[in-house]
Structure formats: structure tokens, C-alpha cells
Asker: 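What follows is a structure written as C-alpha cells; I'll ask about it next.
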Amino acid sequence: DVQLQASGGGLVRTGGSLRLSCAASGFTLDDYAIGWFRQAPGKEREGVSCISTSDGMTYIADSGKGRFTISSDNAKSTVYLRMNSLKPEDTAVYYCAAIPYYRLGYSLGSCGTTYDYWGQGTLVTVSS
């Protein structure tokens, strides 16, 4: 079974950093695109960043450009989201999700496509 386990959230002050991890199991990472999404209270879910490890393509939404970095360790079947210079508006539950890369036509787009498999979410709280 495809499983995704997100971790690494927590409480951090404005300007701080966190690294989120998404541990994947039950599938080959190279065959999938992995995305990070977030949902703040009262807001819609939004795509933050996504990656395809097979071709090295990555995407960072405007909200994270210059501050967030997505990476992967295929040996560990883990995708990371490094978040620097955190702001209160980054406060949200962060989810990682996966979709077979061919379903995206081998193009990440803007991480806006509904992904097939979802992890349980990890809470990031940025205090002002």
C-alpha cells in the first residue's frame, strides 16, 4: 500500500526555520511526483511545492520562492521541504501527497492537480 508519513512540524518564531519530511513507502519514488500542500484554518488547501525525482524537476509556489526548498533522498524514500524565514502566514497543516508522474503527463505544473495519496499532515505554527 502507498503510505506517506509527514513529520517535522512545530512551533517556531517569525524568521525561524523548519524542515518537513515525507517518508514514502509502498511505491518507487522515481515513479511518482510528490507534493507539499498546506491548509490554514478557514482557507482552501494550496500547493506549496512539488518534485519529480525521476527528472529532477521541482516547483515552488510564489508564497515560498526564495524561502522554501524541496529535495529528496531516494535511498531513504523521503522528500524534504526546508522552510526558512518563516512568517505567521505560513501557519498551516502541511500535507505531503503523491501521484504517479505519468498522470501529470510527466510535467509538474503548479502543484495544483489533485494528488492520489495523502499523508496525515503536520502542523506548522509560526508565532509573531
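All values derive from a computational prediction rather than experimental measurement. Along the sequence shown, residues are numbered consecutively beginning with 1.
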Asker: Honestly curious: do M83 and V12 fall in one hydrophobic cluster under the side-chain, below-4.5 Å linking rule?
Answerer: yes
Asker: Is it the case that the side chains of Y101 and D55 hold a donor-acceptor pair, with the cut-off being a distance below 3.5 Å and no angle test?
Answerer: yes
Asker: Using a strict threshold of under 4.0 Å (side-chain N to carboxylate O), is an ion pair present between K87 and D90?
Answerer: no
Asker: Between A33 and L104, which heavy-atom pair has the shortest distance, and what is it?
Answerer: CB-CD1, 3.7 Å
Asker: Are E89 and S63 close enough that some pair of their side-chain heavy atoms sits under 4.5 Å apart?
Answerer: no
Asker: Nearest 0.5 Å please: distance from the CG atom of D30 over to the OG atom of S77.
Answerer: 9.5 Å
Asker: For L108 versus C50, what's the shortest heavy-atom pair and its separation?
Answerer: CD1-O, 3.7 Å
Asker: Quick check: does any side chain N or O of T122 sit under 3.5 Å from a backbone N or O of G9, one acting as donor and the other as acceptor?
Answerer: yes
Asker: Can you see which heavy atom on A40 is nearest to which on T91, and at what distance?
Answerer: CB-O, 3.5 Å
Asker: Apply side chain to side chain contact (heavy atoms under 4.5 Å, CB included) to the pair R82 and S17, showing each step before the final yes or no.
Answerer: CA-CA 7 Å; R82 176 70 179 184; S17 298; 3.6 Å; yes
Asker: When you group the ILVMFWY residues by side-chain heavy-atom contacts below 4.5 Å and let the links chain together, are L18 and I51 in the same group?
Answerer: yes
Asker: The test is side chain to side chain contact (heavy atoms under 4.5 Å, CB included); show your working for L4 and F27 and say whether it passes.
Answerer: CA-CA 10 Å; L4 300 163; F27 63 97; 3.9 Å; yes
Asker: Is the backbone N or O of Y59 less than 3.5 Å from a side-chain atom of S49, with the two atoms forming a donor-acceptor pair by type?
Answerer: yes
Asker: If you round to the nearest 0.5 Å, how far is CG of D1 from OG of S25?
Answerer: 8.5 Å
Asker: Would a 4.5 Å heavy-atom cut-off, applied to side chains only, mark F68 and L81 as touching?
Answerer: yes
Asker: State, to 0.1 Å, how close L123 and A92 come at their nearest heavy-atom pair, and which atoms those are.
Answerer: CD1-O, 3.6 Å
Asker: Do Y32 and Y102 share a hydrophobic cluster (ILVMFWY, side-chain heavy atoms under 4.5 Å, transitive)?
Answerer: no
Asker: Out of F37, Y94, W36, which residue meets the ring-ring contact (aromatic ring centres under 6.0 Å, His included) rule with W118?
Answerer: F37
Asker: Looking at every non-hydrogen atom in both residues, tell me the closest pair between R67 and L86 and how far apart they are.
Answerer: NH1-CA, 3.8 Å
Asker: So do V79 and D73 actually touch side chain to side chain, heavy atoms under 4.5 Å?
Answerer: no
Asker: For S21 and T78, which heavy atoms make the closest approach, and how far apart are they?
Answerer: CB-CG2, 4.2 Å
Asker: Looking at side-chain heavy atoms only, is the closest gap between Y80 and S71 below 4.5 Å?
Answerer: yes
Asker: Please round to the nearest 0.5 Å and tell me the distance separating atom SG of C111 and atom CD1 of I60.
Answerer: 8.0 Å
Asker: What's the spacing between Y95 OH and R45 CZ if we round to 0.5 Å?
Answerer: 8.5 Å
Asker: Look only at the side chain of Q120 and the backbone of A6, and say whether a donor-acceptor pair between them is shorter than 3.5 Å.
Answerer: yes
Asker: Atom CG of N74 and atom OG1 of T28: how far apart are they, to the nearest 0.5 Å?
Answerer: 9.5 Å
Asker: According to a hydrophobic-cluster definition based on side-chain heavy atoms being under 4.5 Å apart (Ile, Leu, Val, Met, Phe, Trp, Tyr only), do I34 and M57 belong together?
Answerer: no
Asker: OG1 of T125 to CZ of R13: how many Å apart, nearest 0.5 Å?
Answerer: 13.5 Å
Asker: I would like to know whether L20 and V124 meet side chain to side chain contact (heavy atoms under 4.5 Å, CB included); could you show each step before the answer?
Answerer: CA-CA 9 Å; L20 307 183; V124 172; 4.0 Å; yes
